[in-house]
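Data first, discussion second: the structure below is written as structure tokens.
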Amino acid sequence: MLKIYNTLARDKQEFKPIQPGQVRMYVCGMTVYDYCHLGHARVLVVFDMVARWLRNSGYALTYVRNITDIDDKIIARATQNNETIEALTARFIEAMDLDAAALGVIKPDLEPRATRHIPDMLALIKQLETNGLAYRADNGDVYYAVRGFEGYGKLSGKSLQDLRAGERVEVDSYKRDPLDFVLWKAAKPGEPSWDSPWGMGRPGWHIECSAMSEHHLGHHFDIHGGGQDLQFPHHENEIAQSEGAHHCTYVNYWMHNGFVRVDDEKMSKSLDNFFTIREVLKVYDPEVLRFFILRAHYRSPLNYSDQHLDDAKQALTRLYTSLRGMDTPSIQPDWSQPFTARFKAAMDDDFNTPEALAVLFDLAGEVNRSHDTNTAAQLKALAGTLGLLQRVPEEFLQGEAAGGGFDAEDIENLITERANAKKKRNFAEADQIRQNLLDQGIVLEDSPQGTTWRRQ
RNA sequence: GGUGCGUUAGCAAAGCGGUUAUGCUCCGGCCUGCAAAGCCGGCUAGUCCAGUUCGACUCUGGAACGCACCUCCA
């Protein structure tokens, strides 16, 4: 039985889908005005892992991850670059797709874009107006009247009173309440705009997710995910919008992944301490990055550093090494086995990937001792549910000839040369060849079956 | 100021009221011509202070420190 930590309940709860056997999940995706950073990588990988596990558990999943392709930052960046918004967003959507694919992230079933769902948003705002929860202010903006929604604050655990007491709530004279948020922004000269019952304008940030999730998943669905920083105000406002419009529960389970940190501080664009995915992938294999993300529990903070990535690389190398030379047919995990049962129990416990990976290492040790093909196949099958360990081991271990150096053919020639030296018991020469290769980051490993190599 | 979360060995990171977590690093041993990989073993874990208990890293209370949200952010 799968248990999920529900932010709404502040506790782990048994997962019960609305419709038996089916799960509908919506995850807040990217605002496409720049390259994805490691924080984005974490959301992508974490919810890819969740999606895989749900499917693995037998659920028919509909996974929606939106793309925000209109907002203040996009407009500002396009102006700054002197390019159209369409060109800018197309460029970064393509980049995002490449980054996600490199990390082994399976595409969501649907990736709706805000600009393609303006009518849905207008209909939702209209409904809120009818319900007395939206009003047009003197500046032309349409706001959500937070006072009219009783449950406001239930997700973030904040009361309106506490929020008003906060020093950082800005006073905006056009709003009836300082906590009211914008649903529709009146058009400004030179900005993209759409026609609406309230005049030309563009959507506020929060309305798009309420509108697009409703369009694809209905008024009430199972799981809504995103980064911890979206809990408030974004997700809180989504609840206010969707429940305020339809008077029914919006989402049953809210999931929030923890931050990626650098030097114990949140990695964010505003702090300018972020690393982009592609930057990191220049140095590390994408599977190492995926492994690094899954090695921590999704709700814990994840500290980024080269040392930690190196560590992750070594660990993943151990797993691949255990599968090297093994004939591992692609099979489904046999959940009745002790190791697989442990793995499943870990994953069912709020997606405890660190514990699940520990099982993988125990299994690797077992493979190393027994050289049992079936055990190796189980290891590969389990890792496969996490999107790991599916490559031919040599491909991972030998990698690409990074930055010149020896290619595979050079290495094989040198191995032959060394084998001849060894045959003549000229160990000095043999060791010299091995050292030369090691200087290039190539490690040789002798065995009764011959010599194999890998990159450090 | 308000609210929430965290503090585990050299580093990273889980579970668990009593039994080796796991990975990396480092140190022994086996194996090897020597290595590497692997195997076997080792390395002063549980921020502090009280309490509950036969027994607490694990439960309760408090303190210290750290982080996050309250503003755009995954």
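Chain letters run A, B, ... following the sequence lines, proteins first and then strands; every chain starts at 1.
- A/Gln231 comes within contact range of no nucleotide atom at all, as no heavy-atom separation falls under 4.0 Å.
- Rounded to a whole Å, the CD1 atom of A/Ile293 is 11 Å from the C1' atom of B/A74.
- In terms of phosphate contacts, A/Arg369 brings a side-chain nitrogen or oxygen within less than 4.0 Å of OP1 or OP2 of B/C40.
- Residue A/Lys313 is out of contact with every strand shown, counting any heavy-atom pair closer than 4.0 Å.
- In the interface, the side chain of A/Asp72 is not paired with the base of B/C72 through any donor and acceptor atom under 3.5 Å apart.
- Among the heavy atoms of the strands lying under 4.0 Å from A/Phe232 are primed sugar atoms or P, OP1, OP2 only; no base atom is included.
- When heavy atoms are screened at a 4.0 angstrom cut-off, A/Gly39 is found touching base atoms of the nucleic acid.
- Between the CZ atom of A/Arg299 and the C1' atom of B/G15 there is a distance of 14 Å, given to the nearest Å.
- The residue A/Leu444 sits close to a base: some heavy atom pair falls under 4.0 Å.
- Here A/Asn352 does not reach the OP1 or OP2 of B/A14: none of its side-chain N or O atoms lies under 4.0 Å away.
- No donor-acceptor contact under 3.5 Å links the side chain of A/Asp264 to the base of B/G66.
- Counting non-hydrogen atoms under 4.0 angstrom, A/Asn368 reaches the backbone sugars and phosphates but no base.
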